[in-house]
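Data block below; observations after.
Heavy atoms only: backbone and side chains are in, while hydrogens, waters and symmetry mates are out. Whatever order the structure lists them in is the order used to number ligands and atoms, beginning at 1.
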Amino acid sequence: MKLRSIELALPDPGSAAAFLADIWGMAPTEGQDGSTYLRGSGSFPYLVALHEAEVEHARSTTFVCEQAELARLAGRVAAAGWPARTVRSSDPGGGSGIEVELPEGEIFRFLAGTSDADPIEGRDLPVKLTHVVFNSQDAEATGHAVEKVLGFRVSDRTKGMVFVRCNESHHSTAFARAGFPSLNHIAFEMSDIDAVMRGIGRLRDHGMAPSWGPGRHGPGDNVFAYFIAPFGPVIEFSTAVEKITDDYRVGAPEDWAWPEGRIDHWGMSDKDFAGLRAAEQRFRFHRDWDAGPLGAI
Ligand SMILES: [Fe+2]
């Protein structure tokens, strides 16, 4: 199972796409169905889809997997009674599968039979998404639910987050103990630390400073720099997230306590708590489809 893309809806997708292409450093790719798509240098055909809507929201977060894994997943979703439907994707890469509404409204789409694109060589693009994080009313319950129903695994619990993996990467998603459900942030994998630093420089050239970072996290050990995108959400340059195995010991909040005054390994940057929290509240979830029987997948 791999995290592939996020599909956002917002009033002005054109200006969001311009920011992501011209400043954040993504490559526009062919649009269809009224959506705009941006890709990275890796083999996924796109990482971010932008669709026009009056009220900004996260339409879906898309994972790709093999057909057999999808069939098992569909069986567990049906047994759990979560709202779901079968889908055939008209986004770049195609594929078919299921779309599922999680207990707090997050919409995950799981596709099999998707196609890849040729990687882009020689340009300083984000490679792929490395995680999409959500705010939760009850992150602990959501962590248990995605383990049981989606087959994901909790990697670590901290005072603020439940980190969840769907492959050997320490986390592909996480649920923040925020007290409300929304999109927390979208993290883009850069090829190395230098690429993260060049990204920070590129945004600085356009008058933007990180809202937190650069730094290195505890859980996942990844390097980060968070920005508030002009079109609303929190976005992150990240790299070098830890790869773990099945016998990874799940950490508890007391395992991840920082020394006084520290909230990351490096301690070299301030964090704009208020600005980040406001941005995290903007993109909510909205299921604009009717659930139906999943049938044979
Ligand atoms: Fe992150």
Side-chain angles (χ1 to χ4, degrees), residues 2-6 8 20 24-26 40 42 47-48 58 61 63 106 108 126-136 139 142-143 146 152-178 181-193 195-197 199-200 203 208-229 232-244 251 253 256 258 262-273 275-283:
K2 290 178 186 168
L3 169 68
R4 187 192 71 175
S5 55
I6 185 163
L8 299 175
L20 290 171
W24 193 246
M26 302 183 77
L47 307 180
V48 177
T61 301
F63 297 82
E106 306 93 333
F108 283 10
V127 179
K128 60 177 182 160
L129 298 187
T130 180
H131 52 268
V132 175
V133 171
F134 302 93
N135 285 326
S136 298
T142 299
V146 298
F152 290 6
R153 299 277 299 276
V154 171
S155 298
D156 274 299
R157 293 179 171 86
T158 66
K159 202 172 77 176
M161 294 252 187
V162 177
F163 292 87
V164 175
R165 69 183 183 274
C166 62
N167 53 46
E168 74 285 359
S169 183
H170 176 275
H171 58 282
S172 291
T173 185
F175 300 93
R177 307 180 199 278
S182 69
L183 175 64
N184 181 291
H185 71 273
I186 307 163
F188 296 79
E189 172 84 19
M190 304 302 279
S191 54
D192 55 23
I193 294 179
V196 170
M197 294 301 175
I200 295 171
L203 268 75
M208 292 181 66
S211 295
W212 187 27
R216 187 185 282 278
H217 282 307
D221 203 33
N222 47 315
V223 170
F224 64 85
Y226 293 89
F227 292 86
I228 299 170
V234 178
I235 52 178
E236 174 190 355
F237 289 132
S238 187
T239 197
V241 66
E242 187 181 2
K243 299 268 194 283
I244 63 173
W256 295 106
W258 293 107
R262 275 293 174 90
I263 48 172
D264 83 299
H265 281 299
W266 295 347
M268 61 188 281
S269 87
D270 292 326
K271 180 174 180 180
D272 175 8
F273 287 97
L276 289 166
R277 189 164 175 88
E280 288 169 13
Q281 301 198 36
R282 288 186 54 167
F283 280 72

For this session: Please find the N/O/S atom of E236 nearest to the Fe ion (ligand 1) and write down its name.
Result: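 For E236, the N, O or S atom at the smallest distance from the Fe ion (ligand 1) is OE1.
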
Exercise. For the residue pair Y226 and H185, does the interplanar ring angle fall in the parallel (under 30°), tilted (30 to 60°) or perpendicular (over 60°) class?
Worked result: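 Y226 and H185: perpendicular rings.
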
Problem set entry | With F224, the ring-ring contact (aromatic ring centres under 6.0 Å, His included) member among F237, F188, W212 |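 Result for ring-ring contact (aromatic ring centres under 6.0 Å, His included) with F224: W212.
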
Exercise. If we only count heavy atoms from C-beta on, is the V164 to H171 side-chain gap below 4.5 Å?
Worked result: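 No; the side chains remain at least 4.5 Å from each other.
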
Exercise. What's the NE2-the Fe ion (ligand 1)-OH angle here (H185, Y226), rounded to 10 degrees?
Worked result: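 Between NE2 of H185 and OH of Y226, the angle at the Fe ion (ligand 1) is about 100°.
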
For this session: Compute whether any side-chain donor of one residue and acceptor of the other, for R165 and S172, lie under 3.5 angstrom apart.
Result: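 No, no side-chain donor-acceptor pair sits under 3.5 Å.
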
Exercise. Short check: any N/O/S atom of H131 below 2.8 Å from the Fe ion (ligand 1)?
Worked result: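 True for H131.
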
